[in-house]
Protein chains: 4
Amino acid sequence: MPLADGETPEGPRPAPGPASGTTRAPDSGRPPGSGPCDGPRRGRPRSEGVERAVFDAVVELLESGVPLGDVSIERIARTAGVGKATIYRRWSGKEDLLVELVRSIEPPDPELPGTSVRDDLVMLLEFMRRRGLAKRTSALLRNMFAQMQAHPRLWDQYHRTVIEPRRRRGIEVLERGVATGEVRADLDLELVNDLFTGPLLLRTVLMPDADLSPDFPARVADTILAGVRPRP
Amino acid sequence: MPLADGETPEGPRPAPGPASGTTRAPDSGRPPGSGPCDGPRRGRPRSEGVERAVFDAVVELLESGVPLGDVSIERIARTAGVGKATIYRRWSGKEDLLVELVRSIEPPDPELPGTSVRDDLVMLLEFMRRRGLAKRTSALLRNMFAQMQAHPRLWDQYHRTVIEPRRRRGIEVLERGVATGEVRADLDLELVNDLFTGPLLLRTVLMPDADLSPDFPARVADTILAGVRPRP
Amino acid sequence: MPLADGETPEGPRPAPGPASGTTRAPDSGRPPGSGPCDGPRRGRPRSEGVERAVFDAVVELLESGVPLGDVSIERIARTAGVGKATIYRRWSGKEDLLVELVRSIEPPDPELPGTSVRDDLVMLLEFMRRRGLAKRTSALLRNMFAQMQAHPRLWDQYHRTVIEPRRRRGIEVLERGVATGEVRADLDLELVNDLFTGPLLLRTVLMPDADLSPDFPARVADTILAGVRPRP
Amino acid sequence: MPLADGETPEGPRPAPGPASGTTRAPDSGRPPGSGPCDGPRRGRPRSEGVERAVFDAVVELLESGVPLGDVSIERIARTAGVGKATIYRRWSGKEDLLVELVRSIEPPDPELPGTSVRDDLVMLLEFMRRRGLAKRTSALLRNMFAQMQAHPRLWDQYHRTVIEPRRRRGIEVLERGVATGEVRADLDLELVNDLFTGPLLLRTVLMPDADLSPDFPARVADTILAGVRPRP
DNA sequence: TAATAATCGAGACGGTACGTCGCGTCTTCTG
DNA sequence: CAGAAGACGCGACGTACCGTCTCGATTATTA
C-alpha cells in the first residue's frame, strides 16, 4: 500500500496482471474431509483462466471509476463472465480476494546502492514515492487501503506480509548507519524510521494532490539527518 | 485523519477539487446550529433531539463492537428510535452522517504555552496523540477515515474544516521559531511540519497497536530538531 | 354506483361540482367535549373553498389517468394546495372522502312517466345506462366501486344511502304493476327487480366495452316481461 | 367475477384492449405448469414449493381476517417464509399474484345434465351460486374482483381465461334450446344469457348478505323462461 | 381594541411497505 | 468433478405515504 516502498509500475515490471502460474497456498475452498492432497486430483481441474479473469475484472471496474464499495462479488462475477460459486470456491469473500489481488500487484523490493545511509534512505523513499504516484495503481491502492482498515483480519495479514518486511529494511539501513557512524547511536531506530516514512505517508494518503516532486525524498532525508535546529 | 495536518491548499496544489464551495446538495434545510436565516422557516421545525439521538445511537453501536460496515442506516434508525426518512432528511447517507458526527466530537484546539518552539510542537503532537487514543473516538475515527477516502466531496469538506486549520497552526509555530532563531531559516516549513506530524499519523493509522506512549511527542520533536546525523 | 339507477349527467344536473353550501352532518373532526353546538363557533371558521379544492383535485387526478390506488392523501393535498391536516380535519381518511365525493356527484332520481310498468322500467334502466356511460364519471365510479368493495363500512353506508333507495323505487313500480294486472301476482318482486337490473350491472361492471346501445333497456324489459319460452 | 359470464369478446366489442395478446412482461421465466421449452433451462430451477407456500400464505392471511389491503408482499413473504425477491421473480406484483391464485382455485366446469334447457341453465346458475358462496373463496374473490377492476391488463387476462369460456357455455345451451324449440328463435341469445347471469352477479357483488338460497337458480330460470307479464 | 380560539399551509415525525440489489448458499445442467 | 447459471432466504437500500404533531400566520368571535 502507499506507504510501503515499492517499484515504479512503469519500470521493470514485466506484466501488470497476476503473476504466472497458480501459486496459491491458502486454498480454503477444497471441501474438508477429502483424501490426501498429493495424489492426482480427480474430476475436472480448476481452470487457470479464472483467477486472471477475476483479477482483470476487478481492476477494470476500479479503473473505470467504480468505487470499491460498489464492486460487489455479483458484479465481479458478471464482469468476468464467471459463476459466483466459482469465486467463493477460491476466496472466502471480497476482502480475501482483494488482499490477494493487492499482493499480486505488489512490485518486488528495490535494490539499494549501499553507498551511504543517506543514499539508501533516499532510494527507499523514492520507491515509495513512485508507488504512490503510479497512475493506475494509485487510486486502486488507496481504495484498498481504505477498505482494509475496516477488516482487521485482512489488515493484519497485509501488515505482516507487506508492510512489516519493508519496515525491517529501513531499520536495517539505519543499523548499518549506526555501525558506520553515519547515524547517532543513542536513537530509537524504529522511531527514526517512522520519521523518514511518515511524511511520505501523510502526503500520499491525506493529501493526494500535494507536492510529491522528485526531490521530495532527498529533501526529507537531508532535513531529518541534519536537524531543524540551527547548528552552532 | 484528525491527527495529522498537511499542506496548505492554496499552495502548490493545482486544484482542490471540482468546486471549492460548499456544494452540499441533499441537505436542503438549514444546517442545524446556524443562525436564523432571512425568511421565517415554514412548517414544523426539525426536532433538536434527533441529531443527538442519532449520534448517540451510532456511538453506542460502535462502542458495543459492531463493525462500521454493519452500521446500516436501518440499524441506526432502529437503535435511535427514529424513522429512516428523518435521517435521510438531514444527511444524504451514512458518510455524510459520519462526517458530521466526527465534526461534532472534534475537541477544541489546544492552548499553546508559547515558551519555545519545542514546547509548542510537543503540545500540538500531544494533542494529536490523545485524539488518536481517545477511547470512543479512536476506532470510530479510524473507520471514518477509511470511509471518507472513497468520497472526495466529504473528504474535501473534512480537510477544509478540520485538517487544514491545524496544519496552519503548526506552520505558524515554525514561523515564529524562524523569527526567534530556534529554527533554521533555509527550510521549507510546510515540509518540516509534515516531518513532525507524519510519524504520528503513521503509527495511528498503520500500526494501531504501536508505541504511542506519552513521551512519543517529545521524542519525535527532539529527534527532528537535533537531527539524526551525529554532531561534530 | 353504476348499477344504481340514476340520471344522465348531461341532463338537468345544474352544477357538476359539489353542491352549494357546507351541508355536512358527519363532522367527526370537532374535538369531543366542546360546548353546545348551536352557539356560534369560536375561532376561524372553516374555509368554504377547501371542500371544493379537494374534490376538484381528486377528480382532476382521476381524469388525468391516475389510478385510484395512486391517489394518496398526500397527493391530493399537494394537488389541491391544501395542508394534509386540513383534509384529516374534515374526513377520517381517503375512503371517507371518496364516499362524500361520490355522493356529491350522484344525480337526483329520475321522474317516471307512470304510463305503464313497461315504460317506467325502461325509464329506470335508461337512467342506469346513461349513468354507466357518462363520460367523466364512468371510470371514476368504476374505480370507486372497486375501491369500496374492500371497505365494508363505507360500502354499507353507500349501499344504504344510494343503492337501496333506488332498489325500492324499482320494487314500487313492480308493485304498481301487480295492482294494475300488468305483472303476475305470484312472483317475488325483489327477485324480479334484480332480473331487470342485473343485466345492466353485468355489462357495466364486467364488460365496460360491451354493447350498451340505447335500445338495451327496452330489449331487456321486453324480453323479461314476455319470457324466453315460446308462447303457445 | 367468477360467477358471471358476459358477452362474447369477438362480438360487437370494438377493441378488447391495447393488445389482445398475452403481454405478460415481468414474468420472464417459464409460466409454471407449461411444458418444457426448446432450450434446456440453465441454472437452478425454480422450486415447486414456493408457489404453494405463497398461495397458502395468502389464503391463510385472508381466512384469518386480514383485509386484502393489508396483505402486503412483505407480509406474504414473511408468512410464507420466503424472500421478497423470490415473489417478485415470479409475479410482477400483488395483483398478478392474486390473479394466478384465483385461477389456481378455480373449480372445473360442471357437467350438464342435458335433459332440458331449463335444467342446464339451473345447473350453470347453481354452479355459479356455489362458487360465490364457497367459504374461503368468497371474500377472496370479491376482493380480487375489486382489485382487478383497476388493472385492465390483468382483468383482460382473467376475462379471457375464466369468464369468457363460461359465457360461451351458457350461449351454447341456449342455442340448443332454440334448436329444440324450448327457446324463442327471435331473441338475441347473448342478451338472454345476461338476463340469466346478471341477477346472480348483482346479489353476489352488490348485496353479499342477500338471499342466495339453493332455490335461487331455479326461481331465476323459471321466471325468465315464463316471463313476468301474465299469460293470457 | 385586544385577547382568544380555531383554521390555514407547511412540513417534521415514527412507522410500514415498496421494489431493487447484493449477500453467501444451494441446486440444476453442461463440459 | 469444475464451472456457468441462477433460484433461494435474508436484509439493507432510498422513496413514498400513512396519520399525528407542531410551527407561524390568518381570521373570526368575544371581552
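In what follows, every chain begins at residue 1, and chains take the letters A, B, ... in the order their sequences are listed.
Taking atom CD of residue B:E74 and atom P of nucleotide E:dT16, one finds them 11 Å apart after rounding to whole Å. Regarding A:I87, its CD1 atom lies at a distance of 9 Å from the P atom of F:dA4, rounded to whole Å. Remark: P of F:dC18 and CZ of C:R75 are 11 Å apart, rounded to the nearest angstrom. The nearest whole Å value for the distance from the CD1 atom in D:I76 to the P atom in E:dT16 is 18 Å. Taking atom CZ of residue A:R89 and atom P of nucleotide E:dC26, one finds them 13 Å apart after rounding to whole Å. Note: CG (D:L68) to P (E:dA17) measures 14 Å, nearest angstrom. The distance between atom CH2 of C:W91 and atom P of F:dC18, rounded to the nearest whole Å, is 14 Å. Between the CZ atom of B:R44 and the P atom of E:dA12 there is a distance of 10 Å, rounded to whole Å.
When each of E:dC8, E:dC18, F:dG3 is scored by its nearest atom to the side-chain atoms of D:Y88, the top-ranked nucleotide is E:dC18. Side-chain proximity of D:I73 to F:dC18, E:dC18, F:dA12: nearest is E:dC18. Set against E:dC8, E:dC13, F:dA5, the side chain of B:R90 has E:dC13 as its closest nucleotide. When distances run from any side-chain atom of D:T86 to the nucleotides E:dG14, E:dG9, F:dC8, the shortest one goes to F:dC8. Nearest nucleotide to the A:K84 side chain, out of E:dC23, F:dG14, E:dG19: E:dC23. The side chain of B:V82 sits closest to E:dG14 out of E:dG9, E:dG14, F:dC17.
In this structure, D:G81 reaches the sugar-phosphate backbone alone: every heavy-atom distance under 4.0 Å involves primed, P, OP1 or OP2 atoms, never a base. Within the 4.0 angstrom heavy-atom criterion, no nucleotide atom of any strand lies near A:A77.
Here CG of C:L61 is found 6.0 Å from CZ of C:R75. Values are rounded to the nearest 0.5 Å. Between atom CZ of residue D:R90 and atom CD1 of residue D:I87 there is a gap of 9.5 Å, rounded to the nearest 0.5 Å. With values rounded to the nearest 0.5 angstrom, B:F55 atom CZ is found 5.5 Å from B:L97 atom CG. Interatomic distance, B:I76 CD1 to B:K94 NZ, rounded to the nearest 0.5 Å: 7.0 Å. A distance of 9.0 Å separates NZ of A:K84 from OG of A:S72, quoted to the nearest 0.5 Å.
Both A:A80 and D:A80 lie close to DNA chain F; mapped to their nearest nucleotides by heavy-atom distance, the more 5′-ward contact belongs to A:A80. Toward the 5′ end of DNA chain E lies the nearest nucleotide of B:G43, the other residue of the pair B:S47 and B:G43 mapping further downstream. Each of B:D70 and C:D70 was assigned the nucleotide of DNA chain F with the nearest heavy atom; the assignment lying further toward the 5' end belongs to B:D70. Residue order along DNA chain E, read from the 5' end via each residue's closest nucleotide, puts B:E48 first among B:E48 and A:V71.
Here the shortest heavy-atom pairing between C:A77 and C:G83 reads CB-C, 4.3 Å.
Regarding contacts with the backbone of E:dC29, every side-chain N or O of D:R42 stays at 4.0 angstrom or more from both OP1 and OP2.
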